[in-house]
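Side chains included, hydrogens not; waters and symmetry mates left out as well; all remaining heavy atoms used. Quantities reported herein were computed from a predicted structural model and do not represent experimental measurements. Below, read A as the first sequence line, B as the second, and so on, with proteins coming before strands; counting in each chain starts at 1.
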There are 2 protein chains.
Amino acid sequence: MDMDPVFRALADPSRRALLDRLHTENGQTLGELCEGLTMSRQAVSKHLVLLEEANLVAVVWRGREKLHYLNPVPIAEIADRWIGKFERARVKALVDLKRELESDDEKA
Amino acid sequence: MDMDPVFRALADPSRRALLDRLHTENGQTLGELCEGLTMSRQAVSKHLVLLEEANLVAVVWRGREKLHYLNPVPIAEIADRWIGKFERARVKALVDLKRELESDDEKA
DNA sequence: GTTATAGGCAACTGTTTGGTTGCATGTCAA
DNA sequence: TTGACATGCAACCAAACAGTTGCCTATAAC
């Protein structure tokens, strides 16, 4: 699985807001997702396309309505496979930095 | 804490690669981080600035050398405060989608 | 059938971004 | 002190991006 589209999709605040909206109420139509937003329907639609391509949103057509469903799996995979690696390094990094600063002090 | 700079910094593959390099070996200089890369030193330097601004990298000057240290804390915070929310919704979302698809079948 | 509704497609625009190059500055070493 | 080394600053460029507008298609409702 390529995580790059996921990272890129998550980089935009508008798209994260859309995920938040779906998190609050799943299965909304494009029109519903546009309500209360300042940008045009087209802008929202484009954002949703990127979210779909990142597999963060799944769609189901019902007649002329397109229902959008949050798919948290890619987010979970990022947490598992990518963030976990750095989380494990957390304490180590702080220790490294502390040691480096101390060796600086010795030189001063 | 504003997570937006973190998300934006993580959106670029080159910057994630730099974090990987620091994860492998912490406290590298700009010159060291440039080794083996195709892009110019300036390009790497700019990426590092963004990583610093996102607080993902901490720097320590030692003479004319700038040592770069990975700071995994913002990544951990994203995992805790943002991803956790969606992770909790994971099963719920799948159930929602399944129910919706089934109600579609009934209509067909 | 006609009309309103939900959404898609394509062209265009201003801004951001990732990258380059050239030059300037500060630090170590001979 | 002179030169080499490590980095920063500024201007510039092409491509990507977020957003708009106008028009087209398909479904639902009357």
Query raised in the report: By a strict heavy-atom criterion of less than 4.0 Å, which residues belonging to residues 37-46 of chain B are in contact with DNA chain C?
Result: B:M39, B:S40, B:Q42, B:A43, B:K46

Report task. Take A:W82 and B:I75 through the test side chain to side chain contact (heavy atoms under 4.5 Å, CB included) and record every step on the way to the result. Result -> CA-CA 10 Å; A:W82 199 81; B:I75 293 179; 3.9 Å; yes

Query raised in the report: Can you name the closest pair of heavy atoms from A:N26 and A:Y69 and give their distance?
Result: OD1-CA, 3.3 Å

Requested in this report: Output all residues satisfying salt bridge (Lys or Arg N to Asp or Glu O under 4.0 Å) with B:R8, sequence neighbours left out; order by chain, then residue number.
Outcome: B:D4

Query - chain A contact limits on DNA chain D, taken 5' to 3' with a cut-off of 4.0 angstrom to heavy atoms - result: D:dC17 to D:dA28

Requested in this report: Using atom types as modelled and distance alone, determine if a side-chain donor or acceptor of B:Q28 lies under 3.5 Å from a backbone N or O of B:R21.
Outcome: yes

Query raised in the report: To the nearest angstrom, how far is A:E65 atom CD from C:dG8 atom P?
Result: 12 Å

Could you list the donor-acceptor pairs under 3.5 angstrom formed by side chains in residues 32-54 of chain A, with sequence neighbours left out?
| from | atom 1 | to | atom 2 | distance (Å) |
| --- | --- | --- | --- | --- |
| A:E32 | OE1 | A:T29 | N | 2.9 |
| A:S40 | OG | A:A43 | N | 3.3 |
| A:H47 | ND1 | A:R15 | NH1 | 3.1 |
| A:E52 | OE2 | A:K66 | NZ | 3.1 |

Report task. Check for a donor-acceptor pair, side chain of B:N71 on one end and backbone N or O of B:A58 on the other, with a separation under 3.5 Å. Result -> no

Nucleotides 27-30 of chain C: which of its N/O atoms have a protein N/O under 3.5 Å away?
| from | atom 1 | to | atom 2 | distance (Å) |
| --- | --- | --- | --- | --- |
| C:dT27 | O2 | B:R64 | NH1 | 3.1 |

Report summary line: Between A:H47 and B:E52, the residue closer to the 5' end of DNA chain D by nearest nucleotide is B:E52

Report task. Could you tell me which non-hydrogen atom of B:S14 sits nearest to which non-hydrogen atom of B:D12, and how far apart they are? Result -> N-OD2, 2.8 Å

Query raised in the report: Who passes side chain to side chain contact (heavy atoms under 4.5 Å, CB included) against A:D20, sequence neighbours left out?
Result: B:K85, B:F86

Query raised in the report: How far apart are the closest heavy atoms of A:L56 and A:A9, and which atoms are they?
Result: CD1-CB, 4.0 Å

Query raised in the report: Where along residues 7-15 of chain A does a heavy atom fall under 4.0 Å from DNA chain C?
Result: none

Report task. Step by step, work out the side chain to side chain contact (heavy atoms under 4.5 Å, CB included) result for B:L19 and B:L10. Result -> CA-CA 9 Å; B:L19 292 182; B:L10 293 179; 3.6 Å; yes

